[in-house]
Amino acid sequence: MPAPPLFARPSSAPSAPQPAPHPNLLRPSASKHTKPNRPLLSPVKRRPALFTVVWSKNKDDASFTDRILDYIEGGPKLRKWYGAPDLLPKDGGAEGEEEQSLDVKDPRDAVLVTNGDSEIGQMVILSLILKRARIKALVKDKRSTEEAFGTYVECMVGNIEDKSFTKKVLRGVRSVICPTDDGFFSDLIDLKGVQHIVLLSQLSVYRNSGGLQAIMNSKLRKLAERDEEVVLASGIPCTIIRSASLQTTPGGERGFSFTEGIAAKGRISKEDAATICVEALDAIPQTKFIFEVANGEENVIDWKAWFAEQMAKG
C-alpha cells in the first residue's frame, strides 16, 4: 500500500490528542518563532512551516517519516534503540576548548549534510536518523535545526571560506551529502580524509531551461557546474545524482526512470531524491558513478543491489 503523503492535507475530522513531545526533540516543522507554552489551538497566525507530518489513521499505513518522528518524540528512553550519539559539543564554546578539540582525532564515522535546514536537506537528515548514522549538518539557522532534531544532529554555522571553520566541519566526517546546488565545494576546501561524496545535481534541469527561466537559473547553473567540476577533480570516490526537476510531492508512490536525458525533462519527488542520496552512501564507487533519475515505472526494491549492478556495468 502506498505511503501517505509527507505533507499535510486538510481534514475535517478532529484529531486525537497526542502526547507532549520531548522539549529537545521537536518535529522538523518546529520554528524558532513558536513559543514553547503556547496552547495547541491558538488564534495567533504562524509562519508557514517547512513541512508537516500527517498522522495516519492506521498504524500500518504510517510513512517512514511518521514512524521516525513517533520514535523521536518518545524521548530519551528510546535513544539507545534509536542509535543516537551522546550529547554533541555545541558551537560557541570557549575558544581554548575549541582549539584543543580540533587537535583530537575523532573516528571518521560521521555524515555531513550541506544546506541541512533546506527542505530536502531535512528529508536527508530524517533518512540518516533512521539508518542510525552520526550526522553533522551545515545550517544557517542553528536554533531551529536543533529544535527540530535535538542531539541527533550536530549543527554547524559559519563561513565555508574560513579554513578553520571548514576544518572543524569536516573533522570526523567520512562522507558528504550535498542535496542542493549551494556552491559548497571549492578549491579552498580541504577534503582530506573524506571517503565518499554524494552530490545531488540539478545541472541537467538548469541547462535545459530557456527564456526567463534560464536567466533566473543562471547563478544556480554556475554553482552546479562548479560543484561537479570540483568533486570530479578531487580524486575522492563520488556519486553524482543528476536528478530531474525536484517536486514537493509525496515520495514512495511511483517508481523510477534512469534513461539518458530523463533528468532534463522529467520530475522527481524531493522525498524520493533524498532517499536515493542516503542509499548511495554505502555504494562507494572506485572513482565516480554518475547517473540520471526521475520518477517513472521501474520499481527498485533493493537499492544496494541496484547500485552494485549498475557499477558492474561500468
Side-chain angles (χ1 to χ4, degrees), residues 111-116 118-128 131 133 138 174-185 191 194-209 217 220-221 223-234 236-249 251-252 254-296 298-314:
V111 179
L112 173 66
V113 181
T114 68
N115 206 354
S118 66
E119 183 178 10
I120 190 168
Q122 290 195 3
M123 292 176 181
V124 169
I125 289 173
L126 285 174
S127 295
L128 287 170
K131 285 186 172 293
L138 193 62
R174 180 188 73 250
S175 305
V176 177
I177 296 181
C178 187
T180 59
D181 299 302
D182 56 4
F184 171 77
F185 298 101
L191 296 170
V194 175
Q195 301 171 18
H196 189 198
I197 298 173
V198 178
L199 175 64
L200 182 67
S201 174
Q202 292 270 275
L203 185 56
S204 297
V205 177
Y206 302 144
R207 285 176 173 172
N208 191 56
S209 59
N217 289 338
L220 290 173
R221 174 176 174 171
L223 289 174
E225 289 174 340
R226 183 62 175 163
D227 279 345
E228 286 201 17
E229 289 173 1
V230 173
V231 168
L232 290 172
S234 69
I236 298 171
C238 63
T239 301
I240 298 179
I241 306 166
R242 290 179 178 160
S243 76
S245 177
L246 296 171
Q247 305 295 306
T248 306
T249 54
R254 298 187 59 191
F256 301 93
S257 174
F258 305 97
T259 58
E260 185 176 354
I262 192 64
K265 57 185 178 181
R267 298 181 177 183
I268 187 171
S269 161
K270 291 180 181 179
E271 198 173 342
D272 286 337
T275 297
I276 296 173
C277 287
V278 175
E279 293 294 341
L281 276 180
D282 295 328
I284 303 177
Q286 291 294 324
T287 54
K288 63 183 179 181
F289 179 51
I290 304 173
F291 65 97
E292 297 184 40
V293 62
N295 281 132
E298 181 179 342
N299 292 323
V300 179
I301 306 300
D302 186 341
W303 281 104
K304 183 177 181 180
W306 183 88
F307 276 107
E309 179 182 353
Q310 298 304 313
M311 289 181 186
K313 292 179 181 178

Restricting to non-hydrogen atoms, name the atom on [X] and the atom on [Y] that form the minimum distance, rounded to 0.1 Å.
| X | Y | answer |
| --- | --- | --- |
| Leu246 | Ala273 | CD2-CB, 3.7 Å |
| Ala294 | Gly266 | CB-CA, 4.2 Å |
| Ser175 | Leu281 | CB-CD2, 3.6 Å |
| Ser234 | Ile197 | OG-CD1, 4.3 Å |
| Asn208 | Ala264 | ND2-O, 2.9 Å |
| Thr180 | Ser118 | CG2-OG, 4.0 Å |

Given side chains that start at C-beta, do those of [X] and [Y] come closer than 4.5 Å, heavy atoms only?
| X | Y | answer |
| --- | --- | --- |
| Val124 | Leu200 | no |
| Leu232 | Ile290 | yes |
| Ser245 | Ile268 | no |

Any donor-acceptor pair under 3.5 Å linking the side chain of [X] with the backbone of [Y]?
| X | Y | result |
| --- | --- | --- |
| His196 | Asp282 | no |
| Asn295 | Ser269 | yes |
| Gln202 | Ala244 | yes |
| Asp272 | Gly252 | yes |

Rounded distance [0.5 Å steps], [atom1] in [X] versus [atom2] in [Y]:
| X | Y | atom1 | atom2 | result |
| --- | --- | --- | --- | --- |
| Leu138 | Asn115 | CG | CG | 8.0 Å |
| Ile241 | Cys277 | CD1 | SG | 4.0 Å |
| Leu203 | Glu229 | CG | CD | 9.5 Å |
| Arg254 | Asn299 | CZ | CG | 11.0 Å |
| Thr287 | Met311 | OG1 | CE | 9.5 Å |
| Lys265 | Glu292 | NZ | CD | 10.0 Å |

Report the residues that fulfil side-chain hydrogen bond (donor to acceptor under 3.5 Å, both in side chains) with [X], sequence neighbours left out, ordered by chain and then residue number.
| X | value |
| --- | --- |
| Arg221 | Glu225 |
| Arg174 | none |
| Glu228 | Ser201, Arg242 |
| Ser257 | Thr259 |

Just jot down the ring pair (Phe, Tyr, Trp, His ring centres under 6.0 Å) partners of Phe256, sequence neighbours excluded, or say none.
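Per chain and number, Phe256 pairs via ring pair (Phe, Tyr, Trp, His ring centres under 6.0 Å) with Trp303.
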
By the ring pair (Phe, Tyr, Trp, His ring centres under 6.0 Å) test, which pairs, at least two apart or in different chains, include something from residues 258-278?
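Listed once each, the pairs are Phe258-Trp306.
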
